[in-house]
Protein chains: 2
Amino acid sequence: MSLRYALLGILREGPASGYDLMQLFKVSLHNTWPATQSQIYTELGKLADAGLLSVTARGPRGRKEYSLTDDGLAELRRWLLETEPEPHRNEPMLRVFLLGALTRDQAREYLTYLEKRAARFTDALEALDADVDWDNGDLSFYGRLALEYGKRLQAMNGEWAAWAVTQIPGAAAGDD
Amino acid sequence: MSLRYALLGILREGPASGYDLMQLFKVSLHNTWPATQSQIYTELGKLADAGLLSVTARGPRGRKEYSLTDDGLAELRRWLLETEPEPHRNEPMLRVFLLGALTRDQAREYLTYLEKRAARFTDALEALDADVDWDNGDLSFYGRLALEYGKRLQAMNGEWAAWAVTQIPGAAAGDD
DNA sequence: CTTTTCATGTAACAAGTTACATGATTTG
DNA sequence: CAAATCATGTAACTTGTTACATGAAAAG
């Protein structure tokens with residue numbers, strides 16, 4: 001359901017094609033709201049049918065550029081102001097709950113893996129930060145706030161995992 | 001896909017009915033992996049058909065108690081050891097990306113709302129901590145690690161939101 | 001002229017949500 | 001005996017994933 005609003009929100013910055021949006025999702029939105037090519041094209045079709053978007057230009061190879069309509073902007077604002085974010089799933093944390101199915105050594109390994117994963121992720125976010133050409137648009141402005149969030153989240157993830165690994169009783173080897 | 005492993009993992013602690021599992025999801029797993037009643041019953045049926053669970057007791061009102069089979073435990077371990085967690089969606093953060101659709105006052109309001117939300121969530125986690133009767137099982141042990149994660153996450157959320165609100169330029173009123 | 005990039009669309013399937021439907025047992 | 005709780009199941013719908021299918025245009 002949120003994908004539709006992501007599309008409306010991005011198109012508020014200016015018209016774009018499905019292909020353009022696909023690229024944007026691949027780089028900057030992937031960590032926040034992953035979407036596949038097929039989903040994007042399908043959703044753009046529905047949004048245009050509903051009058052929230054309109055095709056405002058055609059290019060080579062069947063390229064279609066979509067623009068946000070007044071109705072689309074109104075619907076985006078309504079969503080932002082009048083609806084609550086839905087609870088989200090955290091698969092790595094679900095796995096923590098279930099770690100009792102493994103030996104303590106394996107559980108420690110998983111937590112160490114989470115710590116390394118956080119470090120890798122932090123590097124990826126730094127790279128993204130350097131890679132994106134931030135402009136003066138709202139998406140860049142708020143995108144930087146979201147990026148800072150990602151960095152803090154990964155720092156916290158790493159610290160928690162390092163702490164959690166010390167909580168598992170027993171020596172470093174030979175349990176269960 | 002993860003729901004099936006959540007069910008297998010919980011049943012590793014001991015047999016339970018669909019109803020029991022439903023309660024557990026409502027209280028302690030809701031923040032990590034929400035699941036509906038219909039989803040749980042459907043999945044239990046599939047898991048039993050696949051031989052990963054078996055019905056080991058019947059009670060009043062058609063109650064069925066499921067137990068983890070050896071195949072089920074093996075499949076749970078395989079998932080934990082050999083598969084990668086999938087990327088997860090963060091709707092509140094998607095909304096941050098799209099805040100340019102609102103006035104700056106409204107954007108600040110949203111961030112302030114996120115800060116309050118984090119505080120409320122922290123309180124709810126403290127209440128949960130006090131409410132749950134932690135036993136000596138693995139689910140309790142690892143559940144406490146996950147709970148600590150939740151507390152740290154909410155603390156970070158609140159700090160980030162308080163910082164983010166200061167990043168939005170302009171006086172406290174009268175823009176856009 | 002071959003490969004890469006641009007560009008769209010759809011079909012089949014899996015996962016998750018909402019709503020409906022039913023009824024036994026326990027508690028006050 | 002009325003209300004709350006226990007207990008299960010399924011149908012319709014929405015959302016998301018994987019895979020297939022096609023082809024124009026640009027770059028080397």
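We name chains A, B, ... by the order of the sequence lines, and we start the count at 1 in each one.
In this structure, B/Asp49 atom CG and D/dT10 atom P are separated by 11 Å, rounded to whole Å. One interatomic measurement links the two molecules: CG of B/Leu47 to C1' of C/dA15, which rounds to 14 Å at whole-angstrom precision. With rounding to whole Å, A/Glu84 atom CD is found 18 Å from C/dT17 atom C1'. Atom CD in A/Glu65 sits roughly 13 Å away from atom C1' in C/dA7 (whole-Å rounding). Atom NZ in A/Lys46 sits roughly 14 Å away from atom C1' in C/dG9 (whole-Å rounding). If you measure from atom NE2 of B/His88 to atom P of D/dT15, you get 21 Å, rounded to the nearest angstrom. Distance A/Leu44 CG to C/dT8 C1': 11 Å, rounded to the nearest Å. What separates CD of B/Glu43 from P of D/dG9 is a distance of 14 Å, to the nearest Å.
In this structure, the separation between CZ on A/Arg152 and CG on B/Asn157 is 10.5 Å, given to the nearest 0.5 Å. The CG atom of B/Leu128 sits 9.0 Å away from the NZ atom of B/Lys151 when rounded to the nearest 0.5 Å. Atom OH in B/Tyr5 sits 8.5 Å away from atom CG in B/Leu76 (nearest 0.5 Å).
With DNA chain D read from its 5' end, the first of the two nearest nucleotides for B/Ser38 and B/Glu86 is the one closest to B/Ser38.
Closest to the side chain of B/Lys64, out of D/dG9, C/dT8, C/dT18, is D/dG9. When distances run from any side-chain atom of A/Arg63 to the nucleotides C/dT8, D/dT17, C/dT10, the shortest one goes to C/dT8.
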Exercise for the section: Walk me through it: do A/Leu111 and A/Trp160 pass the test side chain to side chain contact (heavy atoms under 4.5 Å, CB included)? Expected result: CA-CA 9 Å; A/Leu111 293 169; A/Trp160 172 84; 3.8 Å; yes
Practice task
Could you please spell out the steps behind the side chain to side chain contact (heavy atoms under 4.5 Å, CB included) verdict for B/Phe25 and B/Ile40?
Solution key: CA-CA 9 Å; B/Phe25 270 87; B/Ile40 292 168; 3.9 Å; yes
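We find that B/Arg63 and B/Asp20 are joined by a salt bridge, their nearest charged nitrogen and carboxylate oxygen being less than 4.0 Å apart. Under a 4.0 Å N-O distance rule, the pair B/Asp105/B/Arg108 qualifies as a salt bridge. At a threshold of 4.0 Å, the pair B/Arg144-B/Asp129 does not count as salt-bridged, since none of the basic side-chain nitrogens sits closer than that to a carboxylate oxygen.
Under a cutoff of 6.0 Å and an axis angle of 45°, A/Arg95 and B/Trp79 form a cation-pi pair.
Backbone-only contact: B/Arg89 has heavy atoms under 4.0 Å from sugar-phosphate atoms and none from a base.
The shortest distance between side-chain heavy atoms of B/Leu53 and B/Leu8 falls below 4.5 Å. Within the 4.5 Å cutoff, the side chain of B/Tyr66 has heavy atoms near those of the B/Val55 side chain.
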Nucleotides 21-28 of chain D: which of its N/O atoms have a protein N/O under 3.5 Å away?
none

What nitrogen or oxygen pairs link the protein and nucleotides 1-3 of chain C at under 3.5 Å?
none

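Within residues 8-24 of chain A, the residues having any heavy atom closer than 4.0 Å to DNA chain C are, in order of number, A/Ser17, A/Gly18, A/Tyr19.
Remark: side-chain polar atoms of A/Ser140 are not paired, donor with acceptor, to backbone N or O of A/Gly137 under 3.5 angstrom.
Contact annotation: A/Gln39 does not reach the phosphate of D/dT15 (side-chain N/O to OP1 or OP2, under 4.0 Å). Considering only side-chain N and O atoms, A/Tyr41 lies under 4.0 angstrom from the phosphate OP1 or OP2 of C/dT8.
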